[in-house]
Every structure is written in structure tokens, then in C-alpha cells.
Amino acid sequence: MSSADEHGISVDVDHNPYLAEGAGTVDAIVTITVDDAVAAAAAPAERVEVIIIDVSTSMLSPEGKFDAAKRATVAAINELVDGTYFTIVAGNESAAPVYPADGRAVHAGAATKAAALRALEALRPRGGTAMGTWLAYARGIVSQHPGALTHAILLTDGKNEHETPEELQDEIARSEGEFTCDCRGVGTAWRVEELRSISSALLGSVDIVADPEDLADDFAAMMRASMGKTIPDLTLRVWTPAGAGVAFVKQVAPTVEDLTARRVETGPLTGEYPLGSWGDEDRDYHIQVEVEPADVGREKLAARVTVVGGDDKLGEGLVRAVWTADTALSARISRGVAHYTGQAELAEAVQEGLSARKSGDVATATAKLQRAMELAVESGNSGTAKLLRGVIEVDERTGTARLKREVAAADEMALDARSTRTARVRKEEP
């Protein structure tokens, strides 16, 4: 079932409502779509962009890396829509303003963009790395603009060595809901899990840019995407009847992101999950609900899912449960549920396989990565399949797989960083 009101946000529910006698688990794929007209009409009062550049000493090597980072920052600044508040931050074991010098965000325009470029030219690397400190600094900037659409880009080339893991996690937790953050690692000396912990909590993306010369295009693309966001924050509100409960809520497209632990209780039967900022786009979510089984022939409303923006209800969909003795009906699995269950398993298999490979457990690594390849091929996730071929070899004749002896660090890190990207469910043939 789907709905869309005058706000133009549609909520489509794909599920098999039929349950066997005694069963109580309902799975549904919920597709939320914001159309271009809604996105255009929802232009935020303010935007704030924070660009955080790693200026630790390691950015000096190899030669040209830091210059590439500065060029990338220029590329991002050039994509700013005039009137957007922006600031550039230098990050090492501390955080300091590059532009403006007073640390406050300033409106983007011809004069301020030119001044920012001059300030960048004078920047020189020194010191270490403390990413939690960088996040705290960014949080201080965006806190001066309540209600704004806030976004940060964080670039690093190394590990978080000048604060404890607990200090970093504390700053990540403090930053949740304050701004979104896209993270990029340049080179291969940084840790995917560190940047993923930031991007995941702050509803952004993580990726590797192995060649510094590719940074400018990547920064420009990230900033263009951010400029396309016009709705600062949407929330998914899930109501379930008495005796029922939500087992999990996961974003499953365009990437896998488990939102279950982010639930905020808003009533005895209702919880809300943050969806972050939106533009003209659609995303898919997998919701699993446990309901009390009913007699054959009974129908229940298992869940009501509502998209909320501020105090406004923007779209709604219903998840039904119908008990039947017809096994042909109850045994069916919706195409969307089957597909995205496989995509979530694919992401998990990649990460577990790479972890086993690092620890020297060849048997587990081979089994997990072979399973990942099977899932990628079956589901049409060509991007992940291509990355997997950089790590394992599969004999097409026998179907057996083996780990490659020589694997480029950049290939392994790219597979890890992009493991949560999913292929959309294929449309049924007419």
C-alpha cells in the first residue's frame, strides 16, 4: 500500500501480508520518495557547510598530496550556492579555522570564495590526527545556525592517533543529529572502520580516494549532492498495535544502514527513526515487525509507517497481516524483501571475509567472500562483484574460489568502504 498527500512525499509498502497459522513475523520494504517539486519547494532558510582538511604532517607525503587536497577544497567551494554559510577547518591534533579566521561561517559569494582560496594557499601541514576534536569543532559551528541544513566533509589520510577510541566515539555520539558528514580517506594509511563509524552515525558516506589527483572531482560531487538537499530532516514514525513490536528498521538502498538502535520512543506504541536530510530522491527501508498470531481468516494492521518533517505528517503507508491456511499464499516472499535480505547478507559477508583475511583465517575469508560473490552476481550488484574480483578468484568451471596472494591495499579498502552499497531491486518485466 502507498500514499502521497499534498506534500508530494510517497510511501510505498512492498510485502506479503499472508502469514501461516501461528506465525507472527511480517517483513516489508518501505520506499520513500521525495519528488523534484517537493524538493524545490522546500528550500531551507539556511545551509551550513564545513570542510575539514587533515593538515597533519603525513599529508606532506607523497609529494603533491596536500596540494591535491587544497585543489579539492577549491572544487568544493566552487560548487557552493551563493548565500550558503561555509567555513574551512584545519585538522591535526587540534582544530583551527582556515577561513574565516574568526571561526564563524560566512555567506558564500564571489568575495568570500576568493578570500577562502587565498587562505588555503597559506596552509601548511604539521602535527597529528584527532578526528573527534574536528567533529567537536564542526558541532560548535553548526550550533550557531539552529534549523539550518548542516553538512560536513571530512578528509584524512591517516589513523586517529592523538585521542583514544573512546574519546572519538564520545564526540561522534555528541554530533549525531547535529550535522551529516561525508568522510573520505586519501591513500591507504587510514582505517575504514574509523571513518565508517563517523559517516554511519552522522548519516553520511565513506569512501577511499586512492589517487590524490581524483580528490577534486570527488569533493565537487559531494558538494553538488549536498546542494541538492533541501529538506533538513525527515523522520520515520512507526506505530505498532498493542502486543506487537519492531524487530528492526534498516535502510537498504542506496546503502545498508541499521537504524534500529536509533529509535526514540514517542509514545507507548510509537517510535521514531532519523532519516537525515533529503532532496529529490528515493530510499528503501526494510522493516520487520513481530505481531501476536491470530486465527486463520483474521486481518490485523501490523504497523503504520509515517514520514514526518517537523510537526507535519508528509506521507503514510500501512503494513498488514492476514492469517491463512493456504500455504501457497503464506510461503511467498516479496521480491523486495528477498532482494534486500540478500543485499544485507552481501555487505555482512564482505566485511566478515575481509576481517578474517586480515586475521589470517584463510578458510573463513574464502568462504565468506565466495558467498559474497555469489550474492553480488545473483542480485546484479555489479559494482561489488567487480571489487570482489580484486580480492578473490573464482574458477568459473568448478565454482571454487581462492584468495588472491597479492592484493592491492587500495582494492581491499575500496571493497570494504563500498561494501554497504546496494543494487536496487529489479523491476518486474511487464
Using the rule given for side chain to side chain donor-acceptor pair (under 3.5 Å), can you reason through Glu316 versus Thr306, listing the C-alpha separation, both sets of side-chain angles and the distance that settles it, and then say yes or no?
CA-CA 4 Å; Glu316 186 175 275; Thr306 308; 3.3 Å; yes

Would you kindly say whether Tyr340 and Asp284 are connected by a side-chain donor-acceptor distance under 3.5 Å?
yes

State whether Arg335 and Asp14 are salt-bridged, where the test is any N-O pair (Lys NZ or Arg NE/NH1/NH2 against Asp/Glu carboxylate O) under 4.0 Å.
no

How many angstroms lie between atom OG1 of Thr57 and atom CG of Asp157, to the nearest 0.5 angstrom?
10.0 Å

Can we say Arg371 and Glu374 salt-bridge, meaning some charged N sits less than 4.0 Å from an Asp/Glu carboxylate O?
yes

Test your reading of the model: is there a side-chain donor-acceptor pair from Gln370 to the backbone of Ala367, 3.5 Å cut-off?
no

Report yes or no: does Glu93 contribute a side-chain atom to a donor-acceptor pair with the main-chain N or O of Gly128 at less than 3.5 Å?
yes

Quick one: list whatever passes side-chain hydrogen bond (donor to acceptor under 3.5 Å, both in side chains) with Ser143, sequence neighbours left out.
none

Is the terminal nitrogen or CZ of Arg304 (NZ for Lys, CZ for Arg) located under 6.0 angstrom from the six-membered ring centre of Trp239 and within 45° of that ring's axis?
yes

Are Trp190 and Ile208 close enough that some pair of their side-chain heavy atoms sits under 4.5 Å apart?
yes

Donor-acceptor contact present, side-chain His339 to main-chain Ala423, <3.5 Å:
yes

Using the ring of Trp134 (Phe, Tyr or Trp, six-membered ring only), decide whether Arg139 places NZ or CZ under 6.0 Å from its centre and within 45 degrees of its axis.
no

Flag for Glu257-Ser200: side-chain donor and acceptor within less than 3.5 Å:
yes

Under the rule for side-chain hydrogen bond (donor to acceptor under 3.5 Å, both in side chains), what residues qualify as partners of Asn160, not counting sequence neighbours?
Glu163

Verdict with supporting geometry, Arg263 and Glu265, salt bridge (charged side-chain N to carboxylate O under 4.0 Å, His left out)
CA-CA 6 Å; Arg263 179 183 173 100; Glu265 300 294 339; 2.8 Å; yes

Would you say Thr25 and Glu290 are linked by a side-chain donor-acceptor pair, where the criterion is simply a distance under 3.5 Å?
yes

Val322 side chain reached by Arg320 side chain, heavy atoms, under 4.5 Å
yes

Quick one: are Gln351 and Thr420 in side-chain contact, heavy atoms under 4.5 Å?
yes

How far does CZ of Arg262 sit from CG of Leu275, to the nearest 0.5 angstrom?
10.5 Å

Closer than 3.5 angstrom, by distance alone: can the side chain of Lys368 be matched with the main-chain N or O of Val350 as a donor-acceptor pair?
no

Test item: side-chain donor near acceptor, Gln251 and Thr255, under 3.5 Å:
yes

Side chain to side chain donor-acceptor pair (under 3.5 Å) for Ser379 and Gln343? Distances and angles first, verdict last.
CA-CA 8 Å; Ser379 65; Gln343 293 295 284; 2.7 Å; yes

Looking just at side-chain N and O atoms, do Thr260 and Asp258 make a donor-acceptor pair shorter than 3.5 Å?
yes

Sidechain-backbone polar pair: Ser61 side chain, Ser58 backbone, donor-acceptor under 3.5 Å:
no

How long is the span from the CD atom in Glu213 to the CG atom in Asp218, to the nearest 0.5 Å?
13.5 Å

Ignoring hydrogens and geometry, is there a side-chain-to-backbone donor-acceptor pair from Lys300 to Pro293 under 3.5 Å?
no

If you compare all heavy atoms of Ala303 against all heavy atoms of Thr240, which two are closest, and at what distance to 0.1 Å?
CB-CG2, 4.1 Å

Arg71/Asp67 salt bridge by N-O under 4.0 Å criterion
no

For a 4.5 angstrom cut-off between non-hydrogen side-chain atoms, does Thr129 reach Thr156?
yes

If we ignore hydrogens and angles and just use 3.5 Å, is the side chain of Glu345 paired with the main-chain N or O of Ala372 as donor and acceptor?
no

Where do Arg126 and Ser56 land on the side chain to side chain donor-acceptor pair (under 3.5 Å) test, with the steps shown first?
CA-CA 5 Å; Arg126 62 175 181 80; Ser56 62; over 6 Å; no

Got more than 12 heavy atoms from elsewhere within 6.0 Å of NZ, Lys404?
yes

Roughly how far, to the nearest 0.5 Å, is the CG atom of Asp182 from the CD1 atom of Ile52?
11.0 Å

Just so I know, are the side chains of Leu387 and Arg418 near enough to count as touching, which here means a heavy-atom distance under 4.5 Å?
yes

Without swapping roles, check the side chain of Asn16 against the backbone of Arg332 for a donor-acceptor pair under 3.5 Å.
yes

Would you say that Ile9 contacts Ile32 through its side chain, given a criterion of any heavy-atom pair below 4.5 Å between the two side chains?
yes

Smallest separation among heavy atoms of Thr324 and Tyr18, with atom names
CG2-CB, 3.9 Å

Could you tell me whether the side chains of His151 and Ser226 share a donor-acceptor contact shorter than 3.5 Å?
yes

Donor on one side chain, acceptor on other, Thr235 and Glu272, under 3.5 Å
no

Pairwise side-chain contact, Glu281 with Lys229, heavy-atom cut-off 4.5 Å (strictly under)
yes

Check whether more than 12 heavy atoms from other residues, nucleotides or ligands sit under 6.0 Å from atom CG of Leu301, and answer yes or no.
yes

Could you pull out the closest heavy-atom pair between Pro274 and Leu259, with the gap in Å?
O-CD1, 3.8 Å

Quick one, Ile287 and Leu236 - any side-chain contact, counting heavy atoms below 4.5 Å?
yes

Closest heavy-atom pair and its distance - Gly315, Val11:
C-CG2, 3.5 Å

If we ignore angles and hydrogens, is there a donor and acceptor under 3.5 Å between the side chains of Thr33 and Asp282?
no

Any donor-acceptor N/O pair, Asp312 side chain to Leu314 backbone, under 3.5 Å
no

Interatomic distance, Phe179 atom CZ to Leu202 atom CG [nearest 0.5 angstrom]
5.5 Å

Salt bridge check: are Arg402 and Asp395 linked by an N-O gap of less than 4.0 Å?
no

Who pairs with Thr364 by side-chain hydrogen bond (donor to acceptor under 3.5 Å, both in side chains), at least two apart in sequence or on another chain?
Asp361

Scan side-chain atoms only and decide if His286 and Asp27 contain a donor-acceptor pair under the 3.5 Å cut-off.
yes

d(Lys65 NZ, Lys70 NZ) to nearest 0.5 Å is 14.0 Å

Does Thr150 reach the main-chain N or O of Glu178 with its side chain, forming a donor-acceptor pair under 3.5 Å?
yes

Do the ring centers of Tyr85 and His145 come within less than 6.0 Å of each other?
yes

